[in-house]
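Data first, discussion second: the structure below is written as structure tokens.
Throughout, residue positions are numbered sequentially from 1 according to the sequence presented. Note that the structure is predicted; figures quoted are calculated from it, not measured.
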Amino acid sequence: HVHVQQHGVEAQPAQVVHHVREAPAARVAERVDDAREVLVQVLELLRRRRARESTAGYIEYVSGRPMARHAQFVARKFDRLEAGEFNQLLICMPPGHKKSWTAQHFISRFMARNPGVPVIHASHTQKLVARWGGRIRNIFNSPEHQRLYPGVTVSSDVRASDEWETDAGASYIAAGVDTAIQGRRGGLVVIDDPLRSISDAESQTVRDTLWEWYGGDIGSRLLPNAKIVLIQTRFHLDDLAGRLLQAARDGYGRPWETCILPAIAEENDPFGREPGDALWPEEYSLAWLEAKRKEPQMTKRLWASLYQQS
């Protein structure tokens, strides 16, 4: 860099090496520091560009953590949903595989990019989803998010964890499945784990109540062309995901884009794994999963539903 400044771009490598050898050590160190600073700035700009272009890039930038491969696969589904390739997305994965964490970051990014679309976020209890709402609000207000989408923050007027708005007009409301959503509309509805437990899943009454809530409280709140995301671990063949998939097979309602990822891959795995491969081997190895399957309390039915999503 120093030699080109003094001798022009036609300088030969040998001349550059000679110049560096003759230059004072302090000056060389200064130039190296300058080059390092420029490189850091360039890398930061590239990371920001990737964060604006994709959900996975956004999550890695805002959280400061690399995403597991299966989570990146889910994030690409979110990108396609936002782009309008489909309006209904069903995600089924085993417990503890970052499905809720990925969805929370997606909601934050979606609200920054689609300020006119109201968001409804639901789960089995109001307390749980309100806590998630606080996390999303904090992600939205984080320095990393603000570097990507500057000038838009959470409104000082409406900022509770279960109901908040942004200065640009985006709105978020959290609702438990036992909570009425009267007076609100949803352009993006994310339902994350609508059943609380195995015992709830075993109850015909609870399953019917959940079905009525989905059809009445949620169905009546949807804006035209609203986007719906259902995220859950399977508990029962007749749970909400099971009923919706059966309805689609019977020709009722809009089709669902599915992202069903078992803990251990089977034939024709949608993630492209070989049969027998673990979904997140860095966290839950195949040996760990096999040991879990052999635990005395893990019945075949529980393993098939909770871990294999079938």
- Whether over 12 other heavy atoms sit under 6.0 Å from D250 CG: yes

Give a yes or no on whether R196 atom CZ has more than 12 heavy-atom contacts from other residues, nucleotides or ligands under 6.0 Å away. no

For the residue pair [Y] / [X], report whether a side-chain donor-acceptor contact shorter than 3.5 Å exists.
X    : Y    : result
R249 : Q246 : yes
N114 : E82  : yes
S100 : D192 : yes
S54  : D79  : no

Could you check whether any side-chain N or O of [X] sits under 3.5 Å from a backbone N or O of [Y], counting only pairs where one atom can act as donor and the other as acceptor?
X    : Y    : answer
S171 : E165 : no
D269 : F271 : yes
T233 : M93  : yes
Q88  : R254 : yes
S305 : Q309 : no
D162 : I173 : no
E144 : S63  : no
K227 : V189 : no
E266 : P262 : no
T258 : I260 : no

Taking the side chain as every heavy atom from C-beta outward, state whether [X] and [Y] have any pair of such atoms under 4.5 Å apart.
X    : Y    : answer
L81  : E257 : no
L286 : D277 : no
I218 : I181 : yes
L89  : L230 : no
V74  : K99  : no

Between [X] and [Y] (salt bridge meaning N to carboxylate O under 4.0 Å), is one present in this structure?
X    : Y    : answer
E44  : R48  : yes
R207 : D239 : no
R301 : E202 : yes
R184 : E163 : yes

State plainly whether one hydrophobic cluster holds both [X] and [Y], where clusters connect Ile, Leu, Val, Met, Phe, Trp and Tyr through side-chain heavy atoms under 4.5 angstrom apart.
X    : Y    : value
F235 : I191 : yes
I107 : V129 : yes
I198 : V177 : yes

Tested for salt bridge (Lys or Arg N to Asp or Glu O under 4.0 Å) against E60, the lone hit among R65, R109, R50 is R50

Intermediate values then yes/no, side-chain contact (heavy atoms from CB on, under 4.5 Å), V62 and S142:
CA-CA 8 Å; V62 171; S142 68; 4.0 Å; yes

For D193 and Q232, the nearest pair of non-hydrogen atoms, with its separation, is OD1-CA, 3.2 Å

Query raised in the report: Between W164 and M111, is a side-chain contact (heavy atoms from CB on, under 4.5 Å) present by the stated rule, with each step listed?
Result: CA-CA 11 Å; W164 51 275; M111 292 180 67; 3.6 Å; yes

Would you call the rings of Y214 and W211 parallel, tilted or perpendicular, where under 30° means parallel and over 60° means perpendicular? parallel

Please work out which of the three classes, parallel, tilted or perpendicular, describes the rings of H70 and W280, given edges at 30° and 60°.
tilted

For a side-chain contact (heavy atoms from CB on, under 4.5 Å) check, start with the C-alpha distance between V152 and F140, then their side-chain angles and the critical distance, and finish with the verdict. CA-CA 9 Å; V152 181; F140 197 94; 4.0 Å; yes

Are Y61 and H145 an aromatic pair, judged by ring center distance below 6.0 Å? no

| request: Could you tell me whether H121 and Y172 have their ring centroids closer than 6.0 angstrom? | output: yes

Test side-chain contact (heavy atoms from CB on, under 4.5 Å) on L43 and Q41; report intermediate values, then the result. CA-CA 5 Å; L43 291 175; Q41 293 173 355; over 6 Å; no

For W303, does the six-membered ring have the charged nitrogen or CZ of K300 within the cation-pi criterion, i.e. under 6.0 angstrom from the centroid and within 45° of the normal? no

